[in-house]
2 protein chains.
Amino acid sequence: MNKDIDEKLKSKKIKPTAMRQLVLEVLMEHKTAISLPELEQKFERADKSTLYRTLKTFQENELIHSVEDGTGSLRYALCDDFCTCEPKDLHVHFLCTKCNKTYCFHEMPIPIPELPEGFEFESANFVVKGICANCRKKSTKNH
Amino acid sequence: MNKDIDEKLKSKKIKPTAMRQLVLEVLMEHKTAISLPELEQKFERADKSTLYRTLKTFQENELIHSVEDGTGSLRYALCDDFCTCEPKDLHVHFLCTKCNKTYCFHEMPIPIPELPEGFEFESANFVVKGICANCRKKSTKNH
DNA sequence: TTATGAATGCAATTGTGTTGCAAAGATTGA
DNA sequence: TCAATCTTTGCAACACAATTGCATTCATAA
């Protein structure tokens, strides 16, 4: 079993069960944010609620964050190493309307707008939609 | 029946049926964005799928826009008079985590970030979460 | 008036998220 | 080492929003 995985779990104080190791492995291999149903399909035979609770645990311990990308299902992605899921760690996400993948733009912080009098900021969800670089390339290749 | 309502429908080329007049009336009275289940509750006896299709029609004809506010259900709100639901008309929405209302900040356009090479912008959904002015007032009153 | 298309109402289905509960597994203290 | 306890997992069931099929009703135009 990959050493990286156990260390990542340990650093977030998550008990490294076999299931959690497997889920984290999938999350690390997957370059884009993944939904619960998608995660389910990555396993031959795994229980939905176990995966669900695994993701919840990961999220509570700030190993992953979730994105409401408007596809109807929440998507989850690994946090950066020093992410503590505070406003400073919020970043833009990009949903490709062609391949339906959701990218984390970790290096692109969400701009915090000046709110009207009396409104108090807590968090934000910023999803840009369009065509990703990969799909763009494909669509212009045979042209 | 309110003259405003018929004119609004007419200007968007929507046939003014009784149902549509009623739904638009509710949308105009409601100051915040409303979801399909919420809309359903505004009527004694109205069919879900009719309301659903009414909202779809309104949206296709750019009378209303939808927000994915992360509450699990899409919310709909009236567009500004000259809105054509293009990128220029995109604006920030605010979800109050206390009263669960979603506000349109029509005067606050969504900042369009510089995307990485090859990514193409189409649309965006920007939802700020926090405490709204109304809830803030309430919570500091008896203090 | 009749033929046509649009709108509505009802029932059923899909898909995602969530919970209850019992079994299995891990941990701790005697 | 064993028993008691807590955690995790697997299965079943449920809640809820969104969506579709189909028959009926309604509006419109020939």
Side-chain angles (χ1 to χ4, degrees), chain A residues 1 5-6 9-10 12-26 33-61 63-77 95 100-102 125 127, chain B residues 1 5-6 9-10 12-26 33-61 63-77 95 100-102 125 127:
Chain A
M1 183 57 58
I5 290 176
D6 277 6
L9 289 172
K10 202 170 155 190
K12 298 288 185 177
K13 309 210 190 307
I14 301 167
K15 204 192 295 179
T17 68
M19 196 69 236
R20 287 169 182 171
Q21 289 167 336
L22 288 170
V23 171
L24 180 51
E25 196 178 4
V26 170
I34 194 170
S35 68
L36 176 56
E38 285 165 346
L39 182 61
E40 224 180 323
Q41 294 182 338
K42 292 275 173 187
F43 295 94
E44 279 291 325
R45 189 186 137 269
D47 182 63
K48 196 174 43 157
S49 57
T50 302
L51 295 174
Y52 170 75
R53 286 186 273 232
T54 301
L55 289 174
K56 282 281 174 246
T57 302
F58 284 5
Q59 193 173 14
E60 279 161 17
N61 291 286
L63 178 58
I64 62 176
H65 61 279
S66 63
V67 204
E68 295 144 6
D69 64 6
T71 55
S73 49
L74 268 179
R75 286 232 171 99
Y76 301 87
L95 170 65
N100 200 37
K101 284 179 184 160
T102 295
N125 188 57
V127 177
Chain B
M1 184 57 56
I5 289 176
D6 277 9
L9 289 172
K10 202 170 155 190
K12 299 289 185 175
K13 309 210 190 311
I14 301 166
K15 205 192 294 179
T17 68
M19 197 69 234
R20 287 170 182 172
Q21 289 168 335
L22 289 171
V23 171
L24 180 51
E25 198 178 0
V26 170
I34 194 170
S35 68
L36 176 55
E38 286 165 345
L39 183 61
E40 225 182 322
Q41 293 182 337
K42 292 275 174 186
F43 295 94
E44 279 292 321
R45 189 188 135 266
D47 182 65
K48 197 175 39 161
S49 57
T50 302
L51 294 175
Y52 170 75
R53 286 187 271 234
T54 301
L55 290 174
K56 282 281 173 248
T57 302
F58 283 5
Q59 192 173 13
E60 279 161 17
N61 292 286
L63 177 58
I64 62 176
H65 60 279
S66 63
V67 203
E68 295 144 6
D69 63 7
T71 55
S73 49
L74 269 179
R75 285 228 172 103
Y76 302 86
L95 171 64
N100 200 39
K101 283 180 184 161
T102 295
N125 188 58
V127 177

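Chain letters run A, B, ... following the sequence lines, proteins first, then strands; residues in each count from 1.
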Verdict with reasoning, B:Leu9 to B:Gln21, per side-chain contact (heavy atoms from CB on, under 4.5 Å):
CA-CA 8 Å; B:Leu9 289 172; B:Gln21 289 168 335; 4.1 Å; yes
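- Between the NZ atom of B:Lys13 and the C1' atom of C:dA6 there is a distance of 18 Å, rounded to whole Å.
- Remark: the backbone N or O of B:Leu95 is not paired with any side-chain donor or acceptor of B:Asp69 at under 3.5 angstrom.
- Under 4.0 angstrom from either OP1 or OP2 of D:dA18 there lies no side-chain N or O belonging to B:Tyr52.
- Taking atom CG of B:Asp69 as the reference point, atom P of D:dA18 lies 10 Å away to the nearest angstrom.
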Apply side-chain contact (heavy atoms from CB on, under 4.5 Å) to residues B:Glu38 and B:Arg75 and explain how you reach the verdict.
CA-CA 9 Å; B:Glu38 286 165 345; B:Arg75 285 228 172 103; 2.9 Å; yes
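- Following rounding to the nearest Å, A:Leu51 (CG) and C:dG15 (C1') show an atom-to-atom distance of 16 Å.
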Test side-chain contact (heavy atoms from CB on, under 4.5 Å) applied to B:Ile34 and B:Lys42, step by step
CA-CA 10 Å; B:Ile34 194 170; B:Lys42 292 275 174 186; 4.3 Å; yes
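- Rounded to a whole Å, the CD atom of B:Glu40 is 11 Å from the C1' atom of D:dA18.
- Between the CD atom of A:Glu68 and the C1' atom of C:dG17 there is a distance of 13 Å, given to the nearest Å.
- In this structure, NZ of B:Lys56 is placed 16 Å from P of C:dA7, rounded to the nearest angstrom.
- Checked by atom type and distance alone, the side chain of A:Arg20 pairs as donor or acceptor with a backbone atom of A:Lys15 at under 3.5 Å.
- Checked against B:Val127 for a side chain to side chain contact (heavy atoms under 4.5 Å, CB included), the options B:Thr71, B:Thr102, B:Val67 give a single hit: B:Val67.
- The distance from atom CG of B:Leu55 to atom C1' of D:dT20 is 16 Å, rounded to the nearest whole Å.
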Scan nucleotides 6-17 of chain D nucleotide by nucleotide, 5' to 3', and note B when protein non-hydrogen atoms come under 4.0 Å of the base, S if they reach only the sugar-phosphate, - if neither.
-SSBBB-B---S
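- Following rounding to the nearest Å, B:Ile14 (CD1) and C:dA6 (P) show an atom-to-atom distance of 16 Å.
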